[in-house]
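To find a chain, count down the sequence lines: A is the first, B the second, and so on, and within it residues start at 1. On a predicted model such as this, the values are computed, not experimentally measured, just so you know.
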Amino acid sequence: MTDRIPAPFGRRSCEVVANTATGGYRIVSALDREGPEPLAGQFYMLATDGWGGPGGRPYLPRAFSVAEAEPGEGAVRLDFLLEAVGPGTSRLAALALGERLLLTGPLGRPFSKPAELLSGADGAVLVGGGIGIAPLAILRRSLADAGVPQRVLLGFRDRAHSGGLELFRCSEVRTASEDGHSGHQGYVTDLLSVVLEGDDAAGAVVYACGPPAMLEAVRVLCEARGIACELAMETPMACGFGSCFGCAVPLAGGGYMRLCVDGPTVNAAEIESALVAGSGHT
Amino acid sequence: MTDRIPAPFGRRSCEVVANTATGGYRIVSALDREGPEPLAGQFYMLATDGWGGPGGRPYLPRAFSVAEAEPGEGAVRLDFLLEAVGPGTSRLAALALGERLLLTGPLGRPFSKPAELLSGADGAVLVGGGIGIAPLAILRRSLADAGVPQRVLLGFRDRAHSGGLELFRCSEVRTASEDGHSGHQGYVTDLLSVVLEGDDAAGAVVYACGPPAMLEAVRVLCEARGIACELAMETPMACGFGSCFGCAVPLAGGGYMRLCVDGPTVNAAEIESALVAGSGHT
Amino acid sequence: MSRLNSGGGRLRLPGPDLGLELCGIRLAHPVINGSGTFDAIAARRAFGEQLGERFPFSMFVSKTITPEPRAGNPPPRLYETPSGMVNSIGLPNKGLEGFLLDDLPELARLEVPLCVSVMAPSREGFATLVERVGRRDEVAAIELNVSCPNVKSGLIVGEQPSESRALCEALRPLTDKPLIVKLTPNCADPAAVAAAAAEGGADAVSLINTLRATGLDPATLRPWLGAGSGGLSGPAVRPIALDQVRRVAAAVEIPVIGMGGIESGADALAFLAEGASAIAVGTASFRDPLAADRIRAELAGELAERGLERLPPVPLASTST
Amino acid sequence: MSRLNSGGGRLRLPGPDLGLELCGIRLAHPVINGSGTFDAIAARRAFGEQLGERFPFSMFVSKTITPEPRAGNPPPRLYETPSGMVNSIGLPNKGLEGFLLDDLPELARLEVPLCVSVMAPSREGFATLVERVGRRDEVAAIELNVSCPNVKSGLIVGEQPSESRALCEALRPLTDKPLIVKLTPNCADPAAVAAAAAEGGADAVSLINTLRATGLDPATLRPWLGAGSGGLSGPAVRPIALDQVRRVAAAVEIPVIGMGGIESGADALAFLAEGASAIAVGTASFRDPLAADRIRAELAGELAERGLERLPPVPLASTST
Ligand SMILES: Cc1cc2nc3c(=O)[nH]c(=O)nc-3n(C[C@H](O)[C@H](O)[C@H](O)COP(=O)(O)OP(=O)(O)OC[C@H]3O[C@@H](n4cnc5c(N)ncnc54)[C@H](O)[C@@H]3O)c2cc1C
Ligand SMILES: Cc1cc2nc3c(=O)[nH]c(=O)nc-3n(C[C@H](O)[C@H](O)[C@H](O)COP(=O)(O)OP(=O)(O)OC[C@H]3O[C@@H](n4cnc5c(N)ncnc54)[C@H](O)[C@@H]3O)c2cc1C
Ligand SMILES: Cc1cc2nc3c(=O)[nH]c(=O)nc-3n(C[C@H](O)[C@H](O)[C@H](O)COP(=O)(O)O)c2cc1C
Ligand SMILES: Cc1cc2nc3c(=O)[nH]c(=O)nc-3n(C[C@H](O)[C@H](O)[C@H](O)COP(=O)(O)O)c2cc1C
Ligand code: FES
Ligand code: FES
C-alpha cells in the first residue's frame, strides 16, 4: 500500500496566494513553507483567522482534498477546489490574497498505485463528479508522471457545477452532464459502463471521487464486473487525524473504519455501500 | 426632566461613512436613514455583520454614547468615539467604509438642562476624561446652541488616550494630563476644584463623563460644595432597553437603578458611589 | 432583516397559518418571550408606542415576581461567553403588591394574552401568588418558576419529581387559569420532573431555564459576577435545550413551550419538530429587540418552503427515533 | 501560534515551574488530554515520530475501553453547534483483551505516564477492567468513566452519590493504582457525587464529561446524529464546566482535573484558580493537534505575567466567595 506522507505535527499558517472563481466553485491556493509535498488522495484540515461567525459556526476545521501541489522555492503551492455550501466553505471561499489559511496536513491514505489494486494493471480509469473531481486532478498528473495510461471521465450536474474542469485544462477528458451542456447528456457512469465494455478494460483499475450516489453507482458497476476500484470518500470530520472517531464508514464485514486515517481512499470491496449517512454533498 | 427621544423599535443597519484614527481611539461615523436625531447623553447599542469571532465573542451588542450627530439629506450622521479594549470594540474599530453598522437607538435618558438640575443655573462646567469625553462633545454643542455659558475641562492619561480632543477641535477647552503632555500636569479634577473656587461657580452645574475613579472624584467634590452634578456612567449592558436588568447601579437610598433606561445620565445625588463593580474602563 | 419584519404579531400574515391554541388560549403565532428577557414597560419608554404596534410576541410572559419586593443581586450581573452569556440578575421585582398595583395595568395595555411568572421560597408563598394573580382578569396564564439558578430558595422543587407533583397538586385548586411549570435543565432527568408536574395538574411545561455557570474576571481571577455564579443562555445552550425539549415532549401529553438559544426561524422549527407547541425567544431579544418578529417571519418561510399550511400538528420527532 | 509551541511537554521550560504531583504521579505540567479526544496511536500514523518529540500532554489518558469490543454508534456521529460540537461516538474500542494486546504496548512508547479510562455496564465489569488493567506496569492510573452520555449502560452511577460511593468501595481494593472518577455534568449536584466518590476511596475526580444534547438535520428535521442524540463539548460548555469544577473543588479534598471547552492558557488558569489541580484539553485538539502545547505555553505566560513562579497551590477561588 502506498505509504502516506506524514503531516508536520500541529496546525500551521500559510499565505493565500490565489483565490479564483471557476464556475460555481473556487480554487484557493496557499504557499506551504513547512509541509511536505502531499500525495494524490491526501487531504488537509482547513480553517482561517476569524474562524467562527455570527452563529458561532464554523467552529471545527473542514476537510479538503488537495487538488494540485506544486513544489517551488522553499514552499509547496497547494490548490484546493471548493464549493461554498455552508459557513466553513463560505468563509474559505471569501479568503483574500495575503490572508492566512490555517491548515493541518497532508492527512490520510493516498490513492493506491494501480499495481497495488491489481497486479499487472495496465491502465487506469478516473471517474469524477462535481466537486469530487478535485483529488483526481493531482492523481491524473501523478499517474501520467508514472507513465500509466489513463482515461478521465467527468460528470457534472450543470455548468455551475463543472468548475472543476479548470483543473484538467491541459489533459484529455470525456465529460457527461445532466443538462447536456457538455459532452454526453446523462451520468458519468454511462461513460464508465461503455469504457468497461471495452476489451482493454480487463487490465484497468478504476479510481472514483464524487457525490455518494455516483460513488455507489461506480462501486456497483465495478463489483458486477469484478474490476478493482478505489473510491475517495467524504464524511463529516472533526479532527482529521484519527482522534475523534467521528468519521465512521461502515465496513462490508461489519464494524466501521475511520475515514480520516484508514481512508479517505477506500477499496470499494471493503465497504458495504458508498452511501454513508451524513456524508458529502452534490 | 428632558424627554428622551425614543428609538425606532428594532435593530437597523447603517452604512459606515468614516472611520478615522485619533490618538489611540477611532471615530466611527455611520449614516442613519431611519432614526431620529439623538439628544446629548443618549447612546446606541452597536454590532456589525459577522459579529461573533473565533472565541465566540463578541456575542452581545455593545453600548456607545453618541459623540456627535449631524442631520443631513434624509439621514443623520452619527459619530462614535471608541477605544479598542476587547473583542467588540476591536471589531467595531476595524469597520471598513461601506460596511454596515447594526444599531439600536437612541437609547437612555439624555443630559438634563442646567435649569433642570439647578433652578436659575447660569452656566455649565463639563468635565471629561479619556474615552469618556465622547458625550460631552455633543453636550457642549447643544448647550452652546442654547446659549449656555460653559467651561470644558478634559483630562487624559497620556497622548494615546487624548484622541477625544479631536471632537473639541473648534471649541475652547482646558486640559490636564497625567504625563503632562498637554495642559496642567495632573488630574482634571484639579482644574475642576479651582473652577469651583471661582465666585461665578455658585450658579454653575457640572456634567461629567469618564473613568469611574474620575466620576467618583467629581461626585465627591460637588457633593462637598453642594453643587448640582450629573454624571454619564457606564456598566456592562446586554440589551440597552431595560429588558435584562443587567446594568444595575446601586442607589444612595438602597436598591438599584437600570442604567440603560434610568440613565446613563445620573444625578450624582442619587447614587452611592460612581465606582460600580464591573463598569467602565480607563 | 427589516425586510423580514412584516408587520408584527397582530396582523394576519400571508403564507402559512401560524395560529394555535395553547391551554385554551388563542395565539396568533407560536413565538412568545422567555420570562425576564423582555420588559414591555421599559421597552415602551425606549421605543414609544411603536412597541404596541409591532409587538413581536403572541403572548407576553412577565418577569418573575415574588411575594416580597427584591432588589436583585449585586453587580456585575452579566458575563459574556462563547455564543452566549451568563446572568446573575437575581429576580429584582416590586413584589406581588407592587406588581398588581403598578405593572399589571401597564402590561394589560398590550394586545396579547398575559402570562405572569411567579416564584416563592415556600409552597405557601406560591399559593398566595397564584391565588392573588389568578384572580385578575388581565391574566391569561401563570408560569411557576421553579428553576431560577439565581435565588437560593429553600425549594429544590425543580430538581425533584415528587416536589414538583406536590407543588402542582397544592396550587391546582387555587385557580382555573392555566399553570405552566418552568423546568430547570440542571437535573439528571427533566422528563421525570415534567411528567410529575403533569400528574400534579400542570397544564403545560416550559424549558429550558438557564444552566448554572460562572466566569472569572481575567484580571483578578475572581468570579466576575457579583453573585459568584449565574445562569448560561443563548445559542451555546441550544443543543442541550433541544435535547431536553425532545425528552420532555416524549414524556408528557401536555403542551411544551421550548426555549434555549433560539435565534432563527430554523431554530424555532427544530424545537417545534421535537415536540414543542410554542417557542420562546430570550437572549436573542437583547441583540435585536425585534428578533422575535424576524424569527416568526422566518418560521413562516420555513413552513412555506416545506409546503406546510400550518404548524406541525404532531411532533415530527416522535416518529424519528 | 507556532511561535508559542516552544518545545513540547518534556522539555523543562524557562519561566514558571509548571510541574506538579497528581495522586503521587509526577507531571511536567498540568495539561493532559480528555479521554477520547486524542488517539496517540492514530496520531503517530498521521504525524510520524514528531508526535513523541513534541507530545503536548504531561499524562496520556486513553479512550475509554470496555470489557467487550464495541463498534460504536452508527454515523453521522458529529454535529457542529455554536462554539461547540455534539458527538455520539459511542465508545468504539477493541475491548479489554484487544487493548491489552495491541494498544497498551503502543501507548507505553509514549514518554509520559499513562492513564487508562474504563467503563462497564456492570460493577463486575468494572472490577474485571480495574483488576486486569491495574496489574500492568505500563499503567500509572485508571479513570472510571461513569458519565458517557453515549452508551445506555444499566448504571446511573454517575448521577447518584450512593451508587458512586458503592462503586468506588468495590473497586478500591482491586488495585493500588490511583482511581480517577470522571463525573457527569448531567445531574443536579455533581459536588455530592464527587464527595461520595471520595468517601468511597477515589483518589481524584475529573470533570466535565459532555452535556446531553442533540441537533437536527435542517433538511429532514430528523435528529442529525445516527444515535439520535449525543454530548456537547467545546467552548460553549466552558462556563458550565468552570462552575461545576468550582463546586466540586469546594466539596472534596482529593485533586480535581478540570476540563470543558479549555482553549487558551487564560482558560486553563481560570480552572486552576477555581481549584483544579490539572486541566484537560479535549475538543480544542481537533482544531489544532498541538493546541495543548500552545495552551501550556500560554499558561506559563499567564503565570509569569502575574509574577507567579509555580502553579497556584491553594484554589484562589476558595477565598473569593
Ligand atoms: C476527505 C474529505 C475531502 C473533501 N474534499 C473536498 C473538496 O476538495 N472540496 C470541497 O468543496 N469539499 C470537500 N469536502 C467536503 C467539505 O469538507 C464540506 O463541504 C465542508 O465540511 C462543509 O462545511 P461547511 O461549513 O461549508 O458546511 P456545513 O455547515 O458543514 O454543511 C455541510 C453539510 O453538513 C451537514 N451538517 C453537519 N452539521 C451541521 C449543522 N450543525 N448544521 C447544519 N448542517 C450540518 C449538512 O447536511 C450540510 O449540508 C471534503 C470532505 C472530506 C471528508
Ligand atoms: C452607556 C454607555 C456608553 C458607552 N460609551 C462608550 C464610548 O463612547 N466609547 C467607548 O469606547 N466605550 C463606551 N462604552 C464602553 C463600551 O461599551 C465597552 O468598552 C465595550 O462594551 C467593551 O466591549 P469589548 O468587547 O471591546 O470588551 P469586553 O470584552 O466587553 O471587555 C470590556 C471589559 O469587560 C469586562 N468583561 C466582561 N465580560 C467579560 C468576559 N466574558 N471576558 C473578559 N472580560 C469581560 C472586562 O473587564 C473587560 O475589560 C460605553 C458603555 C456604556 C454602558
Ligand atoms: C437576563 C436574563 C434574565 C432572566 N430572567 C428570568 C426570570 O425572571 N424568570 C424565568 O423564569 N426565566 C428567566 N430567564 C431565563 C429565560 O426565560 C430563558 O429560559 C433562558 O434564557 C433560555 O432562553 P434563551 O437562551 O433564549 O435566553 C432569564 C434569562 C436571562 C438571560
Ligand atoms: C469526540 C469525543 C469523544 C469523547 N470520548 C470520551 C471517552 O471515550 N471517554 C470519556 O471519558 N470522555 C470522552 N469525551 C469527553 C471528553 O473527554 C471531555 O470530557 C469533554 O469533551 C469536555 O472537554 P472539551 O470541551 O475540552 O472537549 C469525548 C469527547 C468528545 C468530543
Ligand atoms: S475525523 Fe476525527 S477520527 Fe476521523
Ligand atoms: S442593559 Fe439590559 S436592562 Fe439595562
**Request:** Let me see the working for B/Phe245 and C/Lys63 under side-chain contact (heavy atoms from CB on, under 4.5 Å), right down to the final yes or no.
**Result:** CA-CA 10 Å; B/Phe245 286 78; C/Lys63 181 151 183 70; 3.7 Å; yes
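- Side-chain atoms of C/Arg77 do not come within 3.5 Å of backbone N or O of B/Ala248 as any donor-acceptor pair.
- Under a 3.5 Å cut-off, the side chain of C/Gln50 and the backbone N or O of B/Phe9 do form a donor-acceptor pair.
- Here salt bridge (Lys or Arg N to Asp or Glu O under 4.0 Å) pairs that include residues 78-96 of chain C, with residues two or more places apart or in two chains, are B/Arg57-C/Glu80, B/Arg62-C/Glu80, C/Lys94-C/Asp102, C/Lys94-C/Asp103.
- Rounding to the nearest 0.5 Å places CG of C/Leu78 at 10.0 Å from CE of B/Met237.
- Looking at B/Ala277, the atoms closer than 4.5 Å to chain C (heavy atoms on both sides) sit in the backbone and in the side chain alike.
- In this structure, B/Cys247 SG and C/Ile89 CD1 are separated by 8.5 Å, a value rounded to the nearest 0.5 Å.
- The distance from atom OG1 of B/Thr104 to atom CZ of C/Phe47, rounded to the nearest 0.5 Å, is 6.0 Å.
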**Message:** For a side-chain contact (heavy atoms from CB on, under 4.5 Å) check, start with the C-alpha distance between B/Phe241 and C/Phe38, then their side-chain angles and the critical distance, and finish with the verdict.
**Reply:** CA-CA 9 Å; B/Phe241 55 93; C/Phe38 198 94; 3.9 Å; yes
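- C/Arg45 CZ to B/Leu107 CG: the interatomic distance, rounded to the nearest 0.5 Å, is 11.5 Å.
- Looking only at side-chain heavy atoms (C-beta outward), B/Cys244 and C/Asn87 stay at 4.5 Å or farther from each other.
- Expressed to the nearest 0.5 Å, how far CE of B/Met45 lies from CG of C/Asp288 amounts to 11.5 Å.
- Between chain B and the residues C/Gly36, C/Pro92, C/Gly226, C/Pro76, the largest count of heavy-atom pairs under 4.5 Å involves C/Pro76.
- Listed options C/Gly48, C/Gly282, C/Pro74, C/Ala40 were ranked by heavy-atom pairs under 4.5 angstrom with chain B; first place goes to C/Pro74.
- The parts of B/Leu60 that come within reach of chain C are both its backbone and its side chain, each placing non-hydrogen atoms under 4.5 angstrom from that chain.
- Pairs of residues two or more places apart, or lying in two chains, never qualify as ring-ring contact (aromatic ring centres under 6.0 Å, His included) while including a residue from residues 252-279 of chain B.
- Atom CG of B/Leu102 and atom CZ of C/Arg287 lie 9.5 Å apart (nearest 0.5 Å).
- Residues C/Leu290 and B/Gly10 approach most closely at CD1-CA, 3.7 Å, considering heavy atoms.
- Enclosure of atom CD in C/Glu68 is not indicated, since only 12 or fewer non-hydrogen atoms of other residues, nucleotides or ligands lie within 6.0 angstrom.
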